[in-house]
Asker: 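A single structure is presented below for examination.
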Amino acid sequence: MTSFIAFLVAVAPGALLGFALPPGRYRWVAWAASPALTLGLIAVAMAWLRPLGLPDGAMAVLVAELVLAGAAVALSRLVGRGLVEDADDRPRSLRSRLRLPSVRPRPADIVGLAVPAVIAAGYGWLIVGRLAAPPGWDAMNHGYLSRRILDTGTTAITAACSSGSTDTVTSCEFYPLAANVAWAQATQLSGGAMSTVMTTWALLVGPFALAAGIYACVRALGGRPLVAAAAATAPVFVGPMWTSLLSGRITEQAAPCLAGGLALLIALAVRGRHPVRTGLLAGLGGAGIVMTHSYDVLFIGVLALGLIVGLRERLRWRTVGAAAAAMVIAGIGAIAPLLGTVAGAGGERLTEKPQLLGRWGEAVEFWLTDPQRYVLLGFPGPGTAHIAPWPLSVRIALWITVACLLVSPLALVLRELRWARPWLVAGLAITLVGIVTISSNAALVQSLAALWYGDPARPWSMIFPVYGVATVAGAVVLGLGLRRLLALLGVRTAALRWPARTVPPVAALAAAVVLSLALLAAVPGSWHPLRGEVKQRAPVGDSYGRAFEWLDARVQPGQVVAYDRHRQFMTWSYADHGTPLLFGIPPLEKAVAENWEERWRAWRWLVNNTDAPPAGCAVRRLDIGYVLVGSGNYPGWRAHYRQSRLDRSDRLTLVHRVDDIRIYQVTEAGRVCAGPAG
């Protein structure tokens, strides 16, 4: 039930906005972009409720979303026609305007969309399902932020982004929280665990949006249902769809999944017959992306430009102007009260230096020629040590993928592959950006790289759908070439004489390639390494839940629990159970760094670290009541205590144990406060 509610909260408010558009492909595209539209509605409520003096908690935002969506639909039904829309596009009588005509999709489209969605959910279950919580350290950050939204009763960024549960300071002025608000809403409505809601986004919301967006894009540009289904399926196992979850960045996975639907909505606004209404929705969805995973608007924008060129509708300059104005008004107006903080967020971004400064050849290898960029499931990623030897299934899939990718650029000149051109162009553009930002330290270049903190893996994740779509395009090119070759040789087969109303052999070949890759990815040797890496970065087993429940029942009001931050997954005790914790989000401003350091001084004092200065006063001020440790360690994170010294500490006493998880209570010796220094 928790997963169902999480999916409904993510899709339903945005889907209501689809009724603001006429039935047919406009409405279907709006529904394909419904998660982005929901995030846009959340962004509006986050930005405007508080300045208007209205409650801005998670449930208040949800009510505002539904009210805004309902008002938009009602207004669209009452307004007969827009300033630049065709006169016969709208019914004339009030009764007919308020009627919502039924929309009946073709059976082929239902199957073509359902199959990729189910396959995506199945692979997600194999890789990240059945865990106690999502993998990755950043998932714990997001869980903390989402629980803060519930605890503080506000969606204000400065309230959610705090250094801890007591004696808090604001850690950051800007953090895009639209998805976190949706997670808080679903958690409060369902009464379930925050970790379950967040996992639902990784397993269902993002993959379903990916399938719907790519399918809609391919069909809008003339692709057949079978080819569209193949293109919507391939990114599930060709490209890094799942590897972004290793660091816990669920929004980093979700935003590229939303790209196709939103980009097509933008393109239809510019070249369609309803530029104002469609443009307003497109601008709203763009604001939702800015408030979820900001830099993904780059990929969406480039993809939208390609779709604008590819659509066949007549280009009218007044339509272009109306659509552009509507998008700008909706996008800026949606988050106008937050524009200052959004624009000033650059000061909080700590950018890494270019990893391959001046080494352009290595940069090209990293972005183009490294075979690990094209392995099944995108794991291990380029530039990292690979798991040798690769299983036969991975090697076969790599040969198939590379063969298809090598010929995929021919889609730029073949008329039958018009549907693939926007994806190829967008992928090429961001690839060039990736090569430059990893190699150059020019000020302008590094200003762009600062959007993703200089991490080269992030733009790779941003364009992950391109790899699957390009693979399908290459399969179609190979099919066209084979058909042409057979025709030149004078071969006359039944396949060459198939009537147009049946499945074309080229589409069948594309589907066969995707099916082969899917089966190869399903071989245990293909996905087990990634699954193993995921498990190392997530709490496994029910001992965490049992320990957290015991602890939550005994922590006194105002007390917090100290722990070795994300290293042992203890942050989920707060995200799932609301148990207040010592550590929150590390301050990004130097002026408030002392608050964060004081928390670590209290920790080092309690666990009896060598030469730890007295910090009993800090323990009292922060009101630390318990210390929580375990044996499940996040790989690569340095430990900040030694179990042997902790056991000898007279500042703690062991009060409970659940398997390998130990719960200590702070003693009076740990709270001794001799003076300001101690």
Side-chain angles (χ1 to χ4, degrees), residues 25 29 32 109 112-113 116 210-239 241 256-257 259-264 266-268 271 299-313 368 373-374 400-432 462-484 503-518:
R25 68 171 181 167
V29 171
D109 287 322
L113 181 57
L210 173 77
I214 295 178
Y215 189 88
C217 287
V218 175
R219 294 289 284 136
L221 294 185
R224 293 178 177 270
L226 186 59
V227 173
T233 304
V236 174
F237 36 81
V238 179
M241 179 172 182
C257 290
L262 182 55
L264 183 56
I266 295 171
L268 280 180
R271 298 204 70 158
F299 174 59
I300 293 171
V302 177
L303 180 60
L305 288 175
L307 290 167
I308 290 170
V309 174
L311 289 175
R312 288 179 173 174
E313 280 80 357
L368 286 177
R373 183 167 291 275
Y374 311 111
I400 295 173
T401 302
V402 171
C404 292
L405 290 175
L406 286 175
V407 299
S408 63
L410 291 175
L412 300 176
V413 296
L414 294 174
R415 184 179 58 185
E416 295 91 338
L417 284 114
R418 185 170 59 95
W419 55 266
R421 294 172 188 170
W423 296 92
L424 292 172
V425 172
L428 176 62
I430 303 301
T431 296
L432 292 176
M462 178 167 53
I463 62 170
F464 82 76
V466 169
Y467 296 97
V469 175
T471 299
V472 175
V476 173
V477 170
L478 292 175
L480 292 172
L482 180 62
R483 186 176 67 179
R484 180 64 175 166
V503 177
V506 172
L509 178 61
V513 167
V514 173
L515 178 61
S516 300
L517 293 175

Asker: Between Cys217 and Gly260, what is the shortest heavy-atom contact and its length?
Answerer: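 That closest heavy-atom pairing would be SG-O, 3.3 Å.
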Asker: Is any side-chain heavy atom of Thr401 closer than 4.5 Å to a side-chain heavy atom of Tyr467?
Answerer: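 With C-beta onward as the side chain, the pair stays apart.
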Asker: I'd like to check Val238 versus Tyr374 (side-chain heavy atoms, cut-off strictly below 4.5 Å). Are they in contact?
Answerer: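 No - every pair of side-chain heavy atoms lies 4.5 Å or more apart.
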Asker: Would you name the heavy atoms of Ala267 and Leu307 that are closest together and state the gap between them?
Answerer: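 Smallest heavy-atom distance, with atoms named: CB-CB, 3.6 Å.
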Asker: Report yes if the side chains of Phe299 and Val466 come closer than 4.5 Å at any heavy-atom pair, otherwise no.
Answerer: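 Answer yes - side chains close enough.
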Asker: Hey, mind stepping through Ile214 and Trp419 against side chain to side chain contact (heavy atoms under 4.5 Å, CB included) and telling me if it holds?
Answerer: CA-CA 10 Å; Ile214 295 178; Trp419 55 266; over 6 Å; no
Asker: If the condition is side-chain contact (heavy atoms from CB on, under 4.5 Å), which residues does Leu480 pass it with, not counting sequence neighbours?
Answerer: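 Partners of Leu480 under the side-chain contact (heavy atoms from CB on, under 4.5 Å) test: Leu414, Glu416, Leu417, Val476, Arg483, Val506.
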Asker: Holding to side chain to side chain donor-acceptor pair (under 3.5 Å), I want the full list of residues that pass it with Arg421, two or more places apart in sequence or in another chain.
Answerer: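 Not a single residue meets the side chain to side chain donor-acceptor pair (under 3.5 Å) criterion with Arg421.
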Asker: Are any non-hydrogen side-chain atoms of Pro422 and Val309 less than 4.5 angstrom apart?
Answerer: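 With C-beta onward as the side chain, the pair stays apart.
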Asker: Which atom names give the shortest non-hydrogen contact between Ala507 and Val227, and what distance separates them?
Answerer: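 Here Ala507 and Val227 meet closest at CB-CG2, 3.6 Å.
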Asker: Hey, does Ser408 have a side-chain heavy atom less than 4.5 Å from the side chain of Thr471?
Answerer: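 Contact flag for Thr471/Ser408 side chains = no.
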Asker: Within a strict 4.5 Å, meaning less than it, do heavy atoms of the Tyr215 and Asp109 side chains meet?
Answerer: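 Tyr215 reaches Asp109 side chain to side chain.
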Asker: On a heavy-atom basis, which atom in Ala231 and which in Pro235 lie closest, and how many Å separate them?
Answerer: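 Closest approach of Ala231 to Pro235, heavy atoms only: O-CD, 3.0 Å.
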Asker: Okay, side chain of Arg418, backbone of Gly310: is any donor-acceptor separation there less than 3.5 Å?
Answerer: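 Yes, because the side chain of Arg418 sits within donor-acceptor range (under 3.5 Å) of the backbone of Gly310.
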Asker: With sequence neighbours left out, write down each residue that passes side-chain contact (heavy atoms from CB on, under 4.5 Å) with Arg271, or none if nothing qualifies.
Answerer: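 Scan of Arg271 (side-chain contact (heavy atoms from CB on, under 4.5 Å), adjacent residues dropped) gives Ile308, Leu311, Glu313, Leu315.
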Asker: So do Leu424 and Pro409 actually touch side chain to side chain, heavy atoms under 4.5 Å?
Answerer: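 Result no, sub-4.5 Å side-chain heavy-atom pair not found.
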Asker: Are side-chain heavy atoms of Leu221 and Arg312 found at a separation under 4.5 Å?
Answerer: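 Counting from C-beta outward, Leu221 and Arg312 never come under 4.5 Å.
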Asker: With rounding to the nearest 0.5 angstrom, report the CG to CG distance, Leu509 to Leu515.
Answerer: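 It is 12.0 Å, given to the nearest 0.5 Å.
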Asker: If the condition is side-chain contact (heavy atoms from CB on, under 4.5 Å), which residues does Val514 pass it with, not counting sequence neighbours?
Answerer: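 Ala230, Thr233, Ala234, Phe237, Val472.
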Asker: Among residues at least two apart in sequence or on other chains, which ones pass side-chain contact (heavy atoms from CB on, under 4.5 Å) with Ile300?
Answerer: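 side-chain contact (heavy atoms from CB on, under 4.5 Å) list for Ile300, sorted by chain: Ala259, Leu262, Ala263, Ile266, Ile289.
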